[in-house]
Amino acid sequence: MYVKLGRPSFVTGEGLFLEETNVEKIAINATKTVQTRLVLPPDTNHLGTIFGGKVLAYIDEIAALTAMKHANSYVVTASIDSVDFLSPAKAGDSLTLESFITYTGTSSMEVYVKVTATDLIRHEEKLTTESFLTMVAVDQDGKPIPVPGVYPESEDEKKLFESAPQRKKHREKRAVSRKG
């Protein structure tokens with residue numbers, strides 16, 4: 001669902017359109033991307049569980065796909081803000097990666113990625129990884145470009161949306177401390 005926000009406003013068949021800013025907002029749920037992968041033996045370590053680096057590559061890839069779809073442009077990874085490995089996935093498991101945009105800046109998008117592993121024989125599913133990444137939309141010359149905003153609908157989306165400014169503040173604080 002697309003909603004245009006700004007002032008003054010009028011309602012069209014496509015949603016709310018506000019003439020002054022012509023800023024588009026998209027429902028968070030509409031940004032969702034899902035991928036499923038099979039964990040194969042070459043993807044695993046000596047314990048038979050998937051390499052963390054492999055999972056990170058999958059996370060970066062789905063975050064990029066989600067951001068590209070949302071921004072309708074090229075994107076670059078600005079940061080992988082957090083990665084929590086909660087439980088292992090083993091060879092033969094199915095990995096499902098789900099991602100969506102939780103918040104946007106002018107050209108940046110915060111992307112949440114959740115990874116679950118399913119034992120396809122036992123029909124057991126578990127959360128393995130959660131991550132937040134920041135992606136930036138760029139033009140063909142690599143210059144940042146504006147992206148549509150997002151708005152939450154579900155309670156979970158609202159929690160992530162409302163807590164995003166705090167995560168952004170933490171990212172900015174980290175960046176300042178590096179420049180120190």
Side-chain angles (χ1 to χ4, degrees), residues 26 28-145 147-148 150 156-157 159-161 163-164 166-168 170-175 177-178:
I26 299 169
I28 286 175
N29 190 52
T31 70
K32 188 176 185 179
T33 304
V34 178
Q35 285 184 337
T36 302
R37 296 181 174 269
L38 178 62
V39 179
L40 297 170
D43 302 329
T44 62
N45 59 29
H46 61 284
L47 298 173
T49 60
I50 193 165
F51 285 112
K54 191 78 166 175
V55 176
L56 281 174
Y58 293 160
I59 287 170
D60 192 38
E61 178 183 63
I62 195 167
L65 288 167
T66 301
M68 290 172 76
K69 183 173 75 170
H70 179 72
N72 196 33
S73 71
Y74 300 110
V75 300
V76 295
T77 305
S79 66
I80 297 179
D81 305 320
S82 66
V83 180
D84 295 313
F85 294 104
L86 306 169
S87 62
K90 62 184 181 353
D93 284 350
S94 166
L95 282 187
T96 301
L97 295 93
E98 294 181 42
S99 69
F100 52 87
I101 309 292
T102 57
Y103 199 77
T104 61
T106 303
S107 60
S108 65
M109 296 157 279
E110 182 187 72
V111 183
Y112 169 74
V113 181
K114 175 176 83 170
V115 184
T116 56
T118 304
D119 181 319
L120 298 172
I121 307 303
R122 293 186 180 95
H123 304 285
E124 296 171 351
E125 182 177 295
K126 62 184 174 183
L127 178 63
T128 66
T129 315
E130 288 185 297
S131 184
F132 285 96
L133 299 87
T134 301
M135 310 300 283
V136 176
V138 295
D139 62 18
Q140 290 182 334
D141 298 321
K143 304 272 192 269
I145 59 173
V147 297
V150 293
D156 287 340
E157 291 170 357
K159 286 177 190 172
L160 289 169
F161 183 83
S163 60
Q166 186 63 30
R167 287 187 299 276
K168 181 178 180 182
H170 180 70
R171 284 190 294 273
E172 291 169 345
K173 192 175 180 180
R174 277 193 346 243
S177 71
R178 280 192 299 273

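Position 1 is the first residue of the sequence, and the numbers go up from there. Every heavy atom of this structure was used, including side-chain atoms; hydrogens, water molecules and symmetry mates were not.
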For Lys159, is there any backbone N or O sitting under 3.5 Å from a side-chain donor or acceptor partner on Asp156? no

In this structure, which one of Ile62, Thr31, Leu65 forms a side-chain contact (heavy atoms from CB on, under 4.5 Å) with Ser99? Ile62

The criterion is salt bridge (charged side-chain N to carboxylate O under 4.0 Å, His left out); which residues satisfy it with Lys32, sequence neighbours excluded? Glu98

To check you understand the geometry: which heavy-atom pair defines the closest contact between Thr44 and Phe51, and what is its length? O-CE1, 3.1 Å

Backbone N or O of Pro148 within a donor-acceptor pair of the His70 side chain at under 3.5 Å? yes

Give a yes or no on whether the backbone of Ser82 and the side-chain of Ser131 come within a donor-acceptor separation of less than 3.5 Å. yes

Please determine whether a side-chain nitrogen of the Lys or Arg among Lys90 and Asp119 lies less than 4.0 Å from a carboxylate oxygen of the Asp or Glu. yes

Could you tell me which residues satisfy salt bridge (charged side-chain N to carboxylate O under 4.0 Å, His left out) with Glu61, sequence neighbours excluded, listed by chain and number? Arg37

For the student: nearest non-hydrogen atoms of Ile145 and Ser107, plus distance: O-CB, 3.0 Å

More than 12 foreign heavy atoms under 6.0 Å from CG of Leu47: is that the case here? yes

Shortest non-hydrogen contact from Arg171 to Ser79? CD-OG, 3.8 Å

How far apart are the closest heavy atoms of Ser87 and Lys126, and which atoms are they? OG-CD, 3.6 Å

With distance as the sole criterion, is a donor-acceptor pair present between the side chains of Glu110 and Thr134 under 3.5 Å? no

Quick check: are there more than 12 heavy atoms from other residues, nucleotides or ligands sitting under 6.0 Å from OH of Tyr74? no

Member of Ile50, Ile59, Leu95, Leu97 meeting the side-chain contact (heavy atoms from CB on, under 4.5 Å) criterion with Thr129: Ile59

Tell me the closest heavy-atom pair linking Val136 and Pro144, and the distance in Å. CG1-CB, 4.2 Å

Could I get the full list of side chain to side chain contact (heavy atoms under 4.5 Å, CB included) partners for Leu127, not counting sequence neighbours? Leu86, Lys114, Thr116, Glu130

Could you go step by step and tell me if Phe132 and Leu160 meet the side-chain contact (heavy atoms from CB on, under 4.5 Å) rule? CA-CA 11 Å; Phe132 285 96; Leu160 289 169; 3.6 Å; yes

Considering non-hydrogen atoms only, spot the tightest contact between Asp43 and Tyr58 and give its length. OD2-OH, 4.0 Å

To the nearest 0.5 angstrom, please state how far the CD atom of Glu124 sits from the CG atom of Asp93. 9.5 Å

